[in-house]
Amino acid sequence: MTHVRIALLLALASPLAAAQGTDHPLSIERMRARTYPGSALTTRQTLAPGANYSRQVVSYQSDGLRINALLTTPKGTPPQGGWPAIVFNHGYVPPRAYRTTERYVAYVDAFARAGFVVLKPDYRGHGSSQGQPAGTAYWSPEYTTDVLNAVSSLKTLPAVNKARLGLWGHSMGGHITLRAMVVNPEIKAGVIWAGVVGPYDLLFSALPQWGRSDPNDPRARLLATLGRPERNPAAYRAISPNAYLADLNGRPLQLHHATGDTHVPYRLSKALADGLKAARQPVTLYTYTNDNHDLSRNLNTALDRSVAFFKKHL
């Protein structure tokens, strides 16, 4: 068979695979087939320490890009096997407005004080990280790729226990957390606050802005490739982490969401909790009445619950 004929067959097959979702970059199976080697963490800047932990801006490699991150490390002698560690996945912040040390400071502090190594990646295109921002994690695998490489990079630290790694995520970071957990079975536990974590058909109905007609919007490109979820459910199952919940194999998730959240509807976390229960996976959903997207009225309670969860499961 000639090279020209092979190229023609591939060109003809590609749209079909894309329409089925199996060859889409967001496909869970395609993401599982990739490697996420990360790299050694390089110190870029030493910051003022916290109460009982050091703080540094570090960098690592992801898809050939330098990704910056905030690293906190407990002071003192690590426990046998090393400190448990959390990769901290922030929610959507306009990339040009994002600064490594200006967001989620109280959240990181709570985990760092409790004896966890914490790595908060600046996704590509955020702050001083290299690369172009992907927009959001629902239309592109790039931010999740940065997080999976962050997990591998954490393992290069001698003080980190490689068997005690978890993920925390807020809003868009919650979607990244769920997606990363179904891709990488070595992640032991996850906490999601106000996550964009419903299956795609629910996301389209719960978030009407997802139907934008701007052809440059990544949502429009996804629709152009796969069609609408109700017309092509198999394709959206292929790219949705919610279709792979049974593959968590007992790794627990803790969910937090406010009924008054005007950014991400509460029913998305409820749908994930119901899906996890149907898949016989351990889950706890904490509901906060009349609070907001950041759980600001229940911040200490939610942080205490999150810390206790990681202490139990990592």
Side-chain angles (χ1 to χ4, degrees), residues 26 28 31 86-93 98 103-104 107-108 110-111 118-121 123 126 134-148 150-151 165-184 187-200 202-204 206-207 210 239-245 248 251-276 279 281-288 291-296 298-299 302-303 305-307 309-310 313:
L26 276 169
I28 299 301
M31 292 192 71
I86 298 167
V87 175
F88 187 104
N89 303 319
H90 67 78
Y92 178 79
V93 178
Y98 180 86
R103 303 279 180 156
Y104 296 93
Y107 304 69
V108 172
F111 296 120
V118 181
L119 185 68
K120 180 171 74 71
Y123 315 132
H126 287 66
T136 66
Y138 330 120
W139 320 113
S140 165
E142 292 177 343
Y143 293 162
T144 305
T145 295
D146 295 340
V147 166
L148 290 167
V151 171
L165 299 175
L167 300 182
W168 182 96
H170 174 235
S171 196
M172 179 184 72
H175 181 94
I176 293 171
T177 293
L178 182 63
R179 182 174 291 276
M181 285 187 69
V182 301
V183 170
N184 183 349
I187 299 166
K188 298 301 181 185
V191 174
I192 296 175
W193 287 26
V196 184
V197 289
Y200 276 86
L202 179 57
L203 296 181
F204 272 92
L207 301 166
W210 280 30
I239 68 172
S240 174
N242 298 70
Y244 293 81
L245 299 179
L248 291 171
R251 291 173 289 146
L253 278 161
Q254 184 186 78
L255 312 179
H256 301 253
H257 214 131
T259 57
D261 189 336
T262 58
H263 289 79
V264 177
Y266 168 80
R267 58 180 164 143
L268 299 185
S269 287
K270 181 64 166 58
L272 175 57
D274 291 345
L276 287 163
Q281 303 302 310
V283 59
T284 302
L285 170 59
Y286 288 108
T287 301
Y288 301 89
D291 207 341
N292 56 28
H293 187 53
D294 298 323
L295 304 181
S296 57
N298 293 276
L299 182 61
L303 283 172
R305 287 169 169 170
S306 300
V307 168
F309 173 85
F310 280 130
H313 294 289

**OP:** With side-chain contact (heavy atoms from CB on, under 4.5 Å) as the test, would you mind laying out the steps for I239 and W139 before giving the verdict?
**Re:** CA-CA 10 Å; I239 68 172; W139 320 113; over 6 Å; no
Subject >> Derivation of the side-chain contact (heavy atoms from CB on, under 4.5 Å) call for L178 and N242 >> reply: CA-CA 8 Å; L178 182 63; N242 298 70; 3.9 Å; yes
Original post:
Should Q254 and F310 be marked as a side-chain contact (heavy atoms from CB on, under 4.5 Å) after you check the CA-CA gap, both sets of side-chain angles, and the distance that decides it?
Top reply: CA-CA 10 Å; Q254 184 186 78; F310 280 130; over 6 Å; no
Subject >> Candidate pair H126 and Y143, rule ring-ring contact (aromatic ring centres under 6.0 Å, His included), full reasoning >> reply: CA-CA 10 Å; H126 287 66; Y143 293 162; 5.4 Å; yes
**OP:** Let me see the working for T287 and Y266 under side-chain hydrogen bond (donor to acceptor under 3.5 Å, both in side chains), right down to the final yes or no.
**Re:** CA-CA 9 Å; T287 301; Y266 168 80; 2.7 Å; yes
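In terms of heavy-atom proximity, T177 sits nearest to G190 at CG2-CA, 4.4 Å. Taking every heavy atom of both residues into account, L202 and A271 meet most closely at CD2-CB, 3.5 Å. When every heavy atom of L245 is checked against every heavy atom of L276, the shortest pair comes out as CD1-N, 3.7 Å. Taking every heavy atom of both residues into account, V197 and H175 meet most closely at CG1-N, 4.1 Å. Summarising the geometry of P252 relative to F309, their closest heavy-atom pair is O-CZ, 3.6 Å, with the distance given to 0.1 Å. When all heavy atoms are compared, the tightest approach of P121 to Y98 is O-OH, 4.0 Å.
Using a distance-only test at 3.5 Å, with no hydrogens or angles considered, no donor-acceptor pair links the side chain of N292 to the main chain of A258. Using modelled atom types, one side-chain atom of D291 and one backbone atom of N298 make a donor-acceptor pair closer than 3.5 Å. Judged by distance alone, the side chain of R179 and the main-chain N or O of L26 form a donor-acceptor pair under 3.5 Å. Side-chain atoms of R251 come within 3.5 Å of backbone N or O of M181 as a donor-acceptor pair.
Counting only heavy atoms from C-beta outward, the side chains of S269 and L285 approach each other to under 4.5 Å. Between Y107 and H170 the shortest side-chain heavy-atom distance does not fall below 4.5 Å. Looking only at side-chain heavy atoms (C-beta outward), V183 and L148 come within less than 4.5 Å of each other. Side-chain contact between V151 and L119: absent, with no pair of heavy atoms (C-beta onward) separated by less than 4.5 Å. Under the 4.5 Å side-chain criterion, counting only non-hydrogen atoms from C-beta, L253 is not in contact with Q281. Taking the side chain as every heavy atom from C-beta outward, V264 and H257 approach each other to under 4.5 Å. Between Y104 and N89 the shortest side-chain heavy-atom distance does not fall below 4.5 Å. Residues I176 and Y123 meet the side-chain proximity criterion, which asks for heavy atoms closer than 4.5 Å.
Rounding to the nearest 0.5 angstrom, the gap separating the OG atom in S240 from the CG atom in L203 is 7.5 Å. Atom CD1 in I86 sits 15.5 Å away from atom NZ in K188 (nearest 0.5 Å). Here CG of L167 is found 9.0 Å from CD1 of I192. Values are rounded to the nearest 0.5 Å.
Ring orientation note: the planes of F88 and W168 are close to parallel, at an angle under 30° on the 30°/60° scale.
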